[in-house]
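Just so you know, ligand 1 is whichever comes first in the structure, and atom 1 is the first atom listed for that ligand. The figures that follow rest on heavy atoms only: side chains count, while hydrogens, waters and symmetry mates do not. These figures come from a predicted structure and were not determined experimentally.
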Amino acid sequence: MHLLGETLQETFTRKGITRRDFMKFCGVMASALALPKSTADLIARALESPKRLPVIWLELQDCAGCSEAFLRTPTPTVGELVLDVLSVDYHETIMAASGHAAEAAKQASMAAGGYILVVEGAISTADDGGYCCIAGKSSMDIIQEAAKNAVAIVAIGTCATFGGIPKAAPNPTSAVGVMDVIRDKPIINLPGCPVNPVNLSATIVHYLTFNRLPEVDKLLRPLFAYGAKIHDNCERRGHFDAGEFVRQWGDEGHRKGWCLYQMGCKGPVTFHNCPTVRYNNGTSWPVASGHPCIGCSEPGFWEMKTYEPITLYEFAPPEQFPSVEKPSREINPAAVAISGTAIGFITGAAGAIAYNALTNRSGHQKPEIETEEAEKSDHSDHT
Ligand code: SF4
């Protein structure tokens, strides 16, 4: 954190973060946001601004995994660099103050307004919110009070975005996500279990640089991080296309790094940048370590059967394609010419439809996860 009166550059020097490291971080942020490399200078200027962005960070029905993910990044930490340009006025897990002093700091910050509200964890709505109370207030009252003077809300992790594990059937606390209870504020959702710290940092950096939140999809997820399916960038995709699947844990395919679709991988229906950004400073991610994607950035993922293959609508693995057989009759050249034209036309049309679907040219598509939750989650009124 900043010492009083210290410039950001002095803070970095004290922490052993060189100018080169700082510029490298700005470059990583530019590429995470899918912006040109030249934007790194713009980001650097925004981060060096003496103006500090106040932040109130709430933890509600959660496991603190998102806070952990953000704070446990290696040095020079992505999280630290961003925390150095923020004024985190309230975060009950990491702040030194506790009890009345902590609540007083939050009240002062809320009264001043103009802060970003980061929310981690679901909101309990059953029995007047009595299942999640902090300082004598229910999570519903806490979020409504804190949202009032916030300039924007960043919901992190799948609990704060879609209800997450607390919402799993039978959902005894009637847990919901932030966008289900706050409807009059700009909200951005960063689902994932936990949130990827790079995506949180990039969202904050985007706000600091351009004074607005990044562009989002129907579920309020930023397109820079959730604009493509995991399957489209997966390092095992070549094996999917070749029909090479792991069939059993530890079999030959598993040892050779083949596709995990048959083991229940949800990569084909999950929008997230895990394959490109990865976790733990870009070290690895679940599929790279041999475990199928569980779809943790999608609504209702907690109800999906982890190890059962998901139904695919847009494309199918090659083993489901009809087999290629030798022609059983003699070939009539005239018939071939007519059929070829017809097939060419159909193929071209099908290709155009597939291209539009896969590139979202005809609008962003909601993933086809067959759960009740997914159906309920069309929040087009937010876009
Ligand atoms: S099904 Fe999963 S493991 Fe296979 S290519 Fe797609 S994302 Fe990768």
Candidates Thr270, Val195, Asn273 - the one meeting side-chain contact (heavy atoms from CB on, under 4.5 Å) with Ser297:
Thr270

According to a hydrophobic-cluster definition based on side-chain heavy atoms being under 4.5 Å apart (Ile, Leu, Val, Met, Phe, Trp, Tyr only), do Phe240 and Val246 belong together?
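Hydrophobic grouping puts Phe240 apart from Val246.
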
If Ile, Leu, Val, Met, Phe, Trp and Tyr residues are connected whenever their side-chain heavy atoms lie under 4.5 Å apart, and connections chain through other members, are Leu190 and Leu220 in the same group?
yes

By number and element, which atoms of ligand 1 are closer than 4.0 Å to a non-hydrogen atom of [X]?
X	value
Cys265	1 (S), 2 (Fe), 3 (S), 7 (S)
Leu260	3 (S), 4 (Fe)
Gly267	7 (S)

Do the side chains of [X] and [Y] get close enough for a salt bridge, i.e. N-O under 4.0 angstrom?
X	Y	answer
Glu235	Arg278	yes
Glu303	Lys167	no
Arg255	Glu252	no

On a heavy-atom basis, I'd like to know which of Gln262, Lys266, Arg237 is closest to atom 5 (S) of ligand 1.
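Among Gln262, Lys266, Arg237, the closest heavy atom to atom 5 (S) of ligand 1 comes from Arg237.
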
Proximal candidate to atom 1 (S) of ligand 1 [heavy atom criterion; set Pro286, Gly290, Cys259, Gly238]:
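Closest candidate by heavy-atom distance is Cys259.
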
His231 backbone or side-chain N/O/S under 2.8 Å from atom 6 (Fe) of ligand 1:
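So His231 does bind atom 6 (Fe) of ligand 1 by this criterion.
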
For atom 8 (Fe) of ligand 1, closest protein heavy-atom neighbour:
Cys234 SG, 2.3 Å

